[in-house]
Novice: 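My questions will all concern the structure given below.
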Amino acid sequence: MRRLILALAAATAFILPAHAENVTVAVTAIVEHPALDAARDGVKQALAEAGYKEGENLKFVYQSAQGNPGTAAQIARQFVGDAPNVIVPISTPSAQAVVGATRDIPIVFTAVSDPVGAQLVKDMEKPGRNVTGLSDMLPVADHLALIKEITPNAKTIGYIYNSAEANSVSTLAALKAAAEKSGLKVVESVATKSAEVQGATRALVGKADVIYVPTDNTIVSAFEAAAGVAAEAKLPLYAADTDSVARGAIAALGFNYFDVGKQTGAIVVKVLKGEKPGNIPAKVAVGTDLVLNKKAASAIGVTFPESATKRATKIIE
Amino acid sequence: MSQIAFWGAVELGLVFAFVAIGVYLAFRILDFPDLTVDGSFPLGAAVAAVLIISGLDPWLSTAVAMVAGAAAGLVTATLNVRFKILNLLASILTMIALFSVNLRVMGKPNVALLNQDTMLSAFFGQGVPEYLVRPIFVGLLVIVAVVLVWRFLESDAGLAMRATGANSRMARAQGVNTGGQIYLGMALSNALVALGGALFAQTNGFADVTSGVGTIVVGLAAVIIGETLLGARGILLALIGCVFGSIAYRLAIQLALSSDALGLKASDLNFVTAVLVAIALILPRLRRSGGAA
Amino acid sequence: MISLSDIQVVFGRGTPLQKQALKKIELTIETGSFVTVIGSNGAGKSTLLGVLAGDVLPTAGRVTIGNVDVSRKPTAARAGQVARVFQDPLAGSCGALTIEENLALAAARGKVRGLMPALGSKRREFFKERIASLNLGLENRLKDRMDLLSGGQRQAVSLVMATLAGSDVLLLDEHTAALDPGMAEFVMQLTDQVVTERKLTTLMVTHSMRQALDYGDRTVMLHGGEIVLDVSGGSRKDLQVEDLIEMFRKIRGQKLDDDELLIG
C-alpha cells in the first residue's frame, strides 16, 4: 500500500507542471452529449469573445463523469483541489457535487432546470454564497403552441423521458399543467437507459398523436432510435433542443445550447472580473431558436404553415 | 494531485469501502453473486436523504437507511431461498425493482442535502478543514465496521455463515440452517452497502437515483485489488484489503482525472477500471511464476 | 436407541423414472451397538443413511433417534443427534477454513451458535489435544487451511470433528472408500478405536465385506431396498466373506462383479 501511495505521489509530481495562464475555468458535465457539449463550447466562446483565449491567458479544463454521480463527486474534489478561478458544472448532479465540495471557489452552474429545488441557490434573485448560474427550465407553453401551430389536429402528446432525470420530471409537471390549459392530453413513456428508447417510443404508437422529447440526457443520447420509430409510425416528433432536429425531429423550439453556454459564459466573465457570484442573480436562459426539418416532415405528410417557416432560424431541407 | 483531490479520493474510497465489505460478504463469504447492491446503494442514499429532510436526526436516518438496505437483501434472499430462483437472477430482479422503489422513496430522481445538517455537520468548523473532516469521520466508521464484521466472522455464528458459503452440505450436517444464513448474510451485506449510500449522500450533498450505476463493479474491483495487495490470509486481512482496495481504486481514478500529461481523460475511466482489475488479477500469477523460476 | 419402522422411500413419484429405493424397512439399533451395512450398488445403502441423516425424508414410515421422532426433520434440525463422516474427504469439511475453524464448527454442532469468538484459548487447547491423539503431527498445523491436507488426513480430522459434540448416532458413509489402502486401514483402525472408546452408536456403510465382518457387532445386508440379512452375535462370528458372496449369488442369481463388492 505504501508503495502505491509513493508511486501515486511520484506520478503527481510530474503531472502538475507550472501554468503560464492567468485564469483557469474548470467545466464538468454529468455525461457527454451534443447539447451539453454545445453548452460547454458556448462557455468557451463567450470567454474568448471577452478576451480570455485558451492557451494564451486561459486554462480551460473539462471533465465528464460518464453518467456516474460517484465520479462526479470525485471530479468536484479534483476541481476544488486545483482551485480554478471559476467552476462551471453542467447538469443537476454535477452542480450539486461541486456545490457540496466548496464554499469558497466561485461556481456558475448551467443546464439545471430547478436550481432552487436542487438546493444550489436559496433564491434566484439573491443566490448568496459562492454560487450562481443559469437555469434551462423549458418554455413548455411555447412548445405546446408550436405543436398546435404545425399539427393542429393533435390532441394527445406523447412524452418520452427517463424518470430518473430530475430535469425531465420537473418538465413533465410543467408540461401537464400547460397542456391542461390548452385542452391537450399528455401520455408518458419511460426509458431508463438509452437501449430502452426505441421500446418506449413504440409504446406511444397508437396512443399519441405527436411525440415530444424534452431535454432528457438519456433520450437525447439515443434520439435516432426515437426518430426511427416515429418515422415508421408517421408520428410527428418534436424536440426541445434544436440539435435534435438534424437527428430526425420535424421541429424544435428550443434552447440553442451553444447560446445557453454563451449566456453562462457571460456570467463567468463577470465573476472573473471580480463580481461575487452570490450577488449575481441566477437567471433562466433566454433566446429560443425554431429549427424545422422539411425532409422529415414531408416524409410523414406534414407541411409547415407559412407562419412557422417565416420565423424559423434554420430549415433543414 | 492536490491535497483536496487526494483526500477526496480517500474519502470516496472509504465510503465505498462499505460497499466493498458488503460485496465481500456476499461474493466471498456466502458465494452469492449479488447485484442487489446497485439498488441498495441508492436506496440507502434515498432513505437517509428523505428522512434527514423531513427533520429526523441524521444518525437515526442513517440507521433506518441501513434497515432499508437489509430489507432489500432479504427480498433477494427470499426469492432465492424460498422460491428457488437462481441467486444471480434473484438479485437482478430486486435491483430492477429497487430502481422504482428509490424513485418512490424520493418522489423525484434527485434530492438535495446541501442545506441540511448531516452526521458530519457537528464536526465542521472545529479548526480541521472540511476536506480532512470527511475522510476522518468516514474512516472511523469504516474501522468500526471492519472490527465488527471481523469479530462476527470469527464467532461461532460467523463460522456458520462461512461454512454455508464454502460447503453448504457440510454446514447442514453440522446443524447450520443454511437458508437462514443466506437471509442473514444478504441482510448484513446490503445494510452495509446502504450505509455507504447514506454516507455518500451526506458527504456529497445529494441523493440521485442514478448513483447506483456500477456499484457492483466498484465493489468487486475493490475486493480484488485488496486481495492482490494483501493476499487472502485470514478474515481481518481480507477486510482491510477491501478498504485499501477501495481507496486504491479511487486514487487510480483520481490519477486518471488529473493526468492530462499522460493524455488520459475522464472518458477513459472505464478503460482504466478494466486495466486496473485485470492487473490485480494477473499480478499474483506473475509473482507466483516468478518465484518458481 | 434408533428405530426405523415401515420406512418407504420412493424417488421421482409419478414420473416414468419412479423408483422405490427402500421398501418397508424395519430396523432397530440398540444404544452402543456398531452396525455395518453392505449391499450392491442400488441396494439402498445410501438412501438408508440419508433417511437417518435427514438428507432423504421418507415417503412413509417413522424414524426415531434417541426417542425423538425425527421423521420430518431436515438435516440441520437433527444435526445435534447425528454425527457424520462422508465418503468424499472434501465433503465433510470446509477447505477454505482452517483446521481449527472446522473443529470449532463441529464442536458447536446442533447447538445455538452465538457471537462469542469461535476460537478461545480453552477451545484451542482442547482441539490441540484431540488432534494430537491422531499422531499425524497435525496439532502444529491447526491454523493451516483444511485444503492443504491429504484426503486421509482430512478424513481423520473429520472423524475427530464427528466426536467433538455429543450425538445419538455416528453415520459413516463408506468413509475409507476414497483413500489409498494404507490410509484406509489407518482411518478404519482409528474409527474402531474411537467408537469403542466412546461407546458410540454407529452405522457404517461399506463396500468392503471384510470391513463389514471385521468391525462392529452386527451386519445388515440390503438388496433391492430390503434387508435380506441381519446377523449378530455367534452366527456372525462364524460367517466368512465366502459365505456372504455365496448369499449374494443366490439372491442375484448371477455371477458377482468385482466392481460391485470388494472382497478384501
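Note that these values count all heavy atoms, side chains included, but never hydrogens, waters or copies made by symmetry. Residue numbers start from 1 in every chain, and the chains themselves are labelled A, B, ... in the order their sequence lines are given, proteins ahead of strands. Since the model is a prediction, treat every value here as computed from it, not as a measurement.
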Novice: Indicate yes or no: at least one non-hydrogen side-chain atom of Arg169(B) is less than 4.5 angstrom from one of Asp55(C).
Specialist: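 Contact flag for Arg169(B)/Asp55(C) side chains = yes.
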Novice: Please look at Ala53(C) and chain B and tell me whether the side chain, the backbone, both or neither of the residue comes under 4.5 angstrom of a heavy atom of that chain.
Specialist: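 It is neither, since no heavy atom gets under 4.5 Å.
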Novice: Does the side chain of Val176(B) come within less than 4.5 Å of Arg113(C)'s, by heavy atoms?
Specialist: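 In contact.
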Novice: Are the side chains of Arg162(B) and Cys94(C) in touch, meaning some heavy atoms are under 4.5 Å apart?
Specialist: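 A side-chain contact under 4.5 Å is absent here.
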Novice: Is the shortest side-chain N to carboxylate O distance from Asp156(B) to Arg123(C) below 4.0 Å?
Specialist: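 Here Asp156(B) pairs with Arg123(C) in a salt bridge, since their nearest N and O are under 4.0 Å apart.
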Novice: In terms of heavy-atom proximity below 4.5 Å to chain B, should Leu90(C) be classed as side chain, backbone, both, or neither?
Specialist: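 Backbone only.
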Novice: Taking NZ in Lys199(C) as the centre, count heavy atoms belonging to other residues, nucleotides or ligands within less than 6.0 Å. Is the count above 12?
Specialist: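 For Lys199(C), atom NZ is not crowded (no more than 12 foreign heavy atoms under 6.0 Å).
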Novice: So with a 6.0 Å cut-off around CG of Asn67(C), is the heavy-atom count from everything else above 12?
Specialist: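 Counting neighbours around CG of Asn67(C), 12 or fewer heavy atoms of other residues, nucleotides or ligands fall under 6.0 Å, so no.
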Novice: Between Leu119(C) and Glu154(B), is any pair of side-chain heavy atoms under 4.5 Å apart?
Specialist: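 Heavy-atom side-chain distance check fails, nothing below 4.5 Å.
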Novice: Between Ser93(C), Ala96(C), Ala104(C), which residue shows the highest count of heavy-atom pairs closer than 4.5 Å to chain B?
Specialist: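 Max contact count across the listed options: Ser93(C).
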Novice: Would you say Gln18(C) has more than 12 foreign heavy atoms packed within less than 6.0 Å of its CD?
Specialist: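 More than 12 heavy atoms, drawn from other residues, nucleotides or ligands, come within 6.0 Å of this atom.
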Novice: Could you tell me whether the side chain of Gln174(B) reaches within less than 4.5 Å of the side chain of Met161(C), counting heavy atoms only?
Specialist: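 Met161(C) vs Gln174(B): side chains touch.
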Novice: Taking the side chain as everything from C-beta on, heavy atoms only, tell me whether Met170(B) gets closer than 4.5 Å to Asn102(C).
Specialist: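 Yes, close enough: below the 4.5 Å cut-off.
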Novice: Return the option, out of Gly110(C), Ala108(C), Gly92(C), with the maximum number of heavy-atom pairs under 4.5 Å with chain B.
Specialist: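 Option with the greatest count: Gly92(C).
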Novice: Please report the closest heavy-atom contact between Leu159(B) and Ala118(C), naming both atoms and the distance.
Specialist: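 Looks like CD1-CB, 3.5 Å.
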Novice: Between Leu153(B), Asn167(B), Thr178(B), which has the largest tally of heavy atom pairs under 4.5 Å with chain C?
Specialist: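 Winner by heavy-atom pair count: Asn167(B).
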